[in-house]
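Hydrogens, waters and symmetry mates play no part in the numbers below; they use all other heavy atoms, side chains included. By convention in this document, chain letters (A, B, ...) are assigned in the order of the sequence lines, proteins followed by strands, and residues within each chain are numbered from 1.
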Protein chains: 2
Amino acid sequence: MNAPDLTRPPLTIRRISLDTGRENVAVISRRSRALRPEVFRGFSRVELRINSKVLLATLMITDDDAMIGPDEVGLSEPAFRRFNEPVGSAVSVTPARSPASLDAVRAKIQGHTLSAAEITAIVDDLAHFRYSDMEIAAFLISAARFTTTDELLALVGAMASVGTKLTWDTPIVVDKHCIGGIPGNRTTMIVVPIVAAHGLMIPKTSSRAITSPAGTADTMELLARVDLDVEQMKQVVHACGGCLVWGGHVNLSPADDILISVERPLSLDTPEQMVASIMSKKLAAGSTRLLIDFPVGPSAKVTNANEAMRLRKLFEFVGDHFGISVEVVTTDGRQPIGRGIGPVLEARDVMAVLGNEPGAPADLREKSLRLAAHLLEYDPKLRGGTGYARAKELLDSGAALKKMQQIIDAQGPSPCPAELGSYAADVLAAADGVVNGIDCLRINRLARSAGAPVAKGAGIDLFKKIGDRVEKGEPLYRVYASDRSEFDLALAAAQAESGFAINHHTPADVDLVS
Amino acid sequence: MNAPDLTRPPLTIRRISLDTGRENVAVISRRSRALRPEVFRGFSRVELRINSKVLLATLMITDDDAMIGPDEVGLSEPAFRRFNEPVGSAVSVTPARSPASLDAVRAKIQGHTLSAAEITAIVDDLAHFRYSDMEIAAFLISAARFTTTDELLALVGAMASVGTKLTWDTPIVVDKHCIGGIPGNRTTMIVVPIVAAHGLMIPKTSSRAITSPAGTADTMELLARVDLDVEQMKQVVHACGGCLVWGGHVNLSPADDILISVERPLSLDTPEQMVASIMSKKLAAGSTRLLIDFPVGPSAKVTNANEAMRLRKLFEFVGDHFGISVEVVTTDGRQPIGRGIGPVLEARDVMAVLGNEPGAPADLREKSLRLAAHLLEYDPKLRGGTGYARAKELLDSGAALKKMQQIIDAQGPSPCPAELGSYAADVLAAADGVVNGIDCLRINRLARSAGAPVAKGAGIDLFKKIGDRVEKGEPLYRVYASDRSEFDLALAAAQAESGFAINHHTPADVDLVS
């Protein structure tokens with residue numbers, strides 16, 4: 001009998017100052033008046049119910065009356081926020097049944113393929129925090145073994161439907177996405193103002209850094225507010241033709257945020273999960289034209305043209321099904337793009353390119369122009385092949401910078417000071433030679449250990465790139481940090497292994513398909 | 001850089017009255033002196049270290065200084081117990097790397113087979129609480145898709161090695177196990193005294209009920225203490241030739257306890273996982289002869305002879321590899337064995353059989369004699385085919401009862417009163433006819449909803465079994481409960497659906513292979 005035991009007295013809600021992240025946690029007393037904790041032996045989850053409102057939570061038990069008394073139930077911060085009922089409310093607490101959609105997960109574990117209805121039910125339960133961590137992992141791993149194309153389409157559709165769905169009053173809504181992995185590479189903040197200045201709509205939402213030293217949202221935050229809600233975002237887009245906001249408050253594809261929070265610690269990274277994640281967000285965002293940047297290089301996410309091809313086909317297939325025109329470009333992912341790595345340093349590079357400053361990083365400028373050119377060609381009024389020239393015109397004329405300033409004004413003032421870390425030291429070349437390779441993973445890790453992205457002014461400023469000649473003792477890059485112990489650690493690590501390969505070979509070309 | 005940040009000041013340990021079950025939980029302040037919680041964005045796990053002693057824990061963050069101050073780290077009860085360092089100790093707390101063995105889990109997810117060394121490393125990390133819930137789920141589900149026989153052998157060996165390993169000074173150490181699912185069926189408490197009375201060694205450890213209304217440990221606890229540690233268990237076995245203790249304090253195959261705690265909520269139940277669980281415990285227990293009872297029936301765990309055959313072969317294969325002689329018997333699993341379901345009622349049936357009381361359930365007596373007969377035949381001194389007669393002789397003569405009393409005296413007095421629940425009512429037949437089937441799952445669920453096994457005196461007492469003729473209004477069984485609301489719920493549920501199929505057909509025979 002798992003039916004709720006309605007004959008027992010309800011408990012009153014208390015709020016516990018415990019940030020338990022994604023997981024809802026409920027605490028009851030071992031001497032609970034309403035429930036004997038022994039009843040929960042074999043149940044790790046409980047169901048809280050007020051009328052038809054239900055919250056599933058992981059159960060913890062206390063002997064400390066000061067924390068939770070016998071007639072109370074404590075809710076951790078996220079559980080309290082999600083249940084959204086006042087402290088002191090009466091709530092029934094019963095052992096929780098598993099969400100019904102877990103039967104489909106069990107079938108998937110056994111090798112069955114799932115129907116669209118089953119996948120929709122799973123995604124709905126995921127997005128409403130009804131799955132425990134281990135249940136989320138069960139779904140992801142069963143899907144990681146194989147996902148049919150029908151399952152993938154159902155997953156993208158369900159994930160896009162479960163959160164906010166944006167619609168725009170124009171048929172051409174352009175968007176760009178980079179699959180990531182390359183330090184620096186802050187092209188979005190240059191591409192968006194160019195495209196918006198031309199007159200195409202580009203309502204861009206970006207993530208914060210998860211495993212990298214800076215995300216577009218972390219960097220843009222130094223120039224403007226980025227935590228806009230849906231209505232505020234729409235106002236900016238209607239006023240400017242584009243925006244550069246953090247996706248976190250817009251709630252596009254909330255199931256994706258939950259899946260990512262489990263994929264990350266487990267290092268799960270299948271093509272199908274990447275496609276579901278990106279395409280569900282783009283579909284929810286109302287994008288109709290999508291350019292995807294695949295950096296290819298030995299330390300990039302995609303290491304060869306074959307892999308890039310398979311992933312491209314998958315994106316195109318899903319895009320076609322949902323009426324999103326997808327274009328994939330493979331780009332040079334052998335080394336960082338731009339010079340700065342870390343929010344303040346990357347914002348400096350972006351503004352240097354937009355401001356046409358003499359020292360602006362040429363590679364960041366060039367890559368941004370190329371990506372913008374692809375997007376501009378979506379404009380039917382533009383003559384075929386003139387996208388690049390038009391992008392260059394908008395950048396060189398200062399129109400893009402002006403558009404950026406308009407977007408910044410519309411989004412509101414930045415809440416963060418854009419100061420470089422006060423600790424700085426150079427890392428020097430150990431020998432004469434030519435820079436033959438730069439390990440993107442290593443550079444990312446060094447910048448993170450220096451404190452980026454939490455410390456906005458921390459990071460790495462590169463003085464040398466692939467092909468550059470260096471002499472022994474010449475600086476390769478400068479490490480910045482805001483905290484002494486982080487500085488010491490990052491510098492020691494950089495000196496032990498700089499991430500630069502220096503020798504006398506000519507650097508190899510990267511194998512690109514486009 | 002994931003290296004421990006040793007330049008930061010350590011935190012002092014505080015104990016938090018939170019029972020978080022299997023999972024270690026650590027709580028730090030959002031204003032922690034030693035660590036900025038933002039550093040942990042992207043890390044859900046931390047590593048606590050005092051010299052070479054390390055504990056991995058899931059991180060939660062508080063804003064409440066009364067709970068945890070800026071220079072403290074709070075440990076939940078199980079984490080505090082496992083780390084085993086005094087309150088106030090200085091401990092370094094750093095973001096945790098995943099256990100190295102997770103790389104093997106990731107390989108398994110991708111379809112690789114694992115080496116014995118990889119499986120040993122996984123089991124070692126599991127048993128030492130280094131895996132989070134989602135990591136345990138990742139391992140189980142990747143293994144649920146396929147497990148090679150080599151992997152299974154490595155798993156059993158590693159699981160048996162990681163906890164207590166018992167050895168006995170005799171080559172013939174017999175054991176029995178039932179794969180479960182059948183209400184009542186408390187044969188172990190009859191088989192052990194018969195076998196020990198004969199003179200074979202049978203050091204039996206049993207589990208408490210997980211999903212059933214009573215386990216052997218829950219029932220035996222009404223007659224004697226069962227929470228013995230290894231040394232106490234050995235003393236009982238040396239004195240009596242057998243014991244009936246709870247396995248929980250003996251710590252055989254601790255990794256299995258952890259795997260089960262995740263298998264259960266996910267309802268994962270593969271033959272390989274069942275075999276690994278049972279055989280690792282038997283190997284650690286030092287058993288050399290093992291009889292396994294497979295009840296077969298429409299609502300049993302094994303529903304047909306083919307399934308039973310496949311499972312039998314797997315048990316035999318693993319047994320042969322590790323030098324355990326395994327014998328599997330399939331038994332009638334169409335209905336409960338005995339009359340009582342719930343600890344007090346089952347203990348009553350057991351003692352009625354051992355005491356040769358006139359009303360003792362014949363099916364429980366008969367099944368126990370047959371199982372004991374199989375075990376007695378392991379005695380080389382017994383003439384082939386005389387096991388059953390010898391078992392009957394030991395039971396009928398009162399030798400088995402005397403042995404049971406000796407075991408009870410050796411284990412010590414029971415901590416629980418053996419009283420039936422004070423609420424009782426009969427469930428009546430809705431029509432005339434013949435009992436054609438009894439749904440074991442339904443009966444288990446009804447007994448649990450009445451409060452068993454937590455309420456020892458709750459449960460169901462059957463008056464009718466398959467083949468019995470009943471008249472409309474005649475009692476089928478009596479429901480007992482100790483708590484009014486549990487009583488009301490269980491009775492209403494039983495009246496809505498009794499679990500009895502009554503009609504005019506002749507009951508079908510079960511398809512048994514032995």
Side-chain angles (χ1 to χ4, degrees), chain A residues 1 3 5 7-8 16-21 25 27 30 36-39 41-45 60-64 67 76 98 102 105-106 109-111 132-138 140-142 144-145 210-211 261-262 264-268 445-446 448-449 454 484-486 488-490 493, chain B residues 1 3 5 7-8 16-21 25 27 30 36-39 41-45 60-64 67 76 98 102 105-106 109-111 132-138 141-142 144-145 208 210-211 261-262 264-268 445-446 448-449 454 484-486 488-490 493:
Chain A
M1 284 300 301
D5 181 347
T7 60
R8 290 195 171 276
I16 299 187
S17 174
L18 259 191
D19 182 352
T20 52
V25 168
V27 181
R30 201 175 298 283
R36 294 191 309 233
E38 296 86 349
V39 170
R41 217 168 59 186
F43 291 96
S44 56
R45 306 266 291 163
M60 297 183 179
I61 291 166
T62 186
D63 290 298
D64 179 2
M67 189 186 295
S76 71
S98 291
L102 262 190
V105 173
R106 290 185 196 109
I109 293 169
Q110 279 152 32
S132 68
D133 277 5
M134 70 176 90
E135 291 165 346
I136 299 169
L140 282 171
I141 291 157
S142 65
R145 290 297 308 277
I210 298 175
T211 55
S261 68
V262 173
R264 193 196 323 144
L266 293 177
S267 306
L268 286 176
R445 233 177 269 139
L446 291 171
R448 276 184 79 91
S449 75
V454 178
R484 180 63 198 245
S485 65
E486 285 174 338
D488 290 345
L489 259 177
Chain B
M1 285 302 299
D5 181 347
T7 60
R8 290 193 171 279
I16 299 186
S17 174
L18 259 189
D19 181 352
T20 52
V25 168
V27 180
R30 200 174 301 282
R36 292 192 311 232
E38 297 87 348
V39 169
R41 220 169 57 187
F43 292 95
S44 56
R45 306 265 291 163
M60 298 183 179
I61 291 165
T62 186
D63 290 298
D64 179 2
M67 190 186 296
S76 71
S98 292
L102 262 189
V105 173
R106 290 183 196 110
I109 292 168
Q110 279 153 30
S132 68
D133 277 5
M134 71 175 89
E135 290 164 347
I136 298 168
I141 290 157
S142 65
R145 290 299 306 278
R208 293 186 182 279
I210 298 173
T211 55
S261 68
V262 172
R264 193 195 324 144
L266 292 177
S267 306
L268 286 176
R445 233 177 269 138
L446 290 172
R448 276 183 80 92
S449 76
V454 178
R484 180 62 200 243
S485 65
E486 285 173 339
D488 291 345
L489 259 177

key: Those residues that, when tested against D63(A), pass side-chain contact (heavy atoms from CB on, under 4.5 Å) (two or more places apart)   = R30(A), S17(B)

task = Examine whether an atom of I136(B) lies under 4.5 Å from a heavy atom of chain A, and if so say whether it belongs to the side chain, the backbone or both; otherwise answer neither.
result = neither

Chain A contact via A144(B) - side chain, backbone, both or neither, heavy atoms under 4.5 Å = side chain

key: Residue among G111(A), S267(A), S142(A) with most heavy-atom pairs under 4.5 Å to chain B   = S267(A)

Pairs of heavy atoms under 4.5 Å with chain A: top-ranked of M134(B), M60(B), Q110(B), E135(B) = M134(B)

inquiry  = Heavy-atom cut-off 4.5 Å, strictly under: side chain, backbone, both or neither for L140(A) against chain B?
reply    = neither

request  = Name the option with the most non-hydrogen atom pairs under 4.5 Å to chain A; the candidates are V105(B), V25(B), I16(B), I109(B).
outcome  = I109(B)

query = T20(B), V262(B), L266(B): which one forms the most heavy-atom pairs within less than 4.5 Å of chain A?
reply = L266(B)

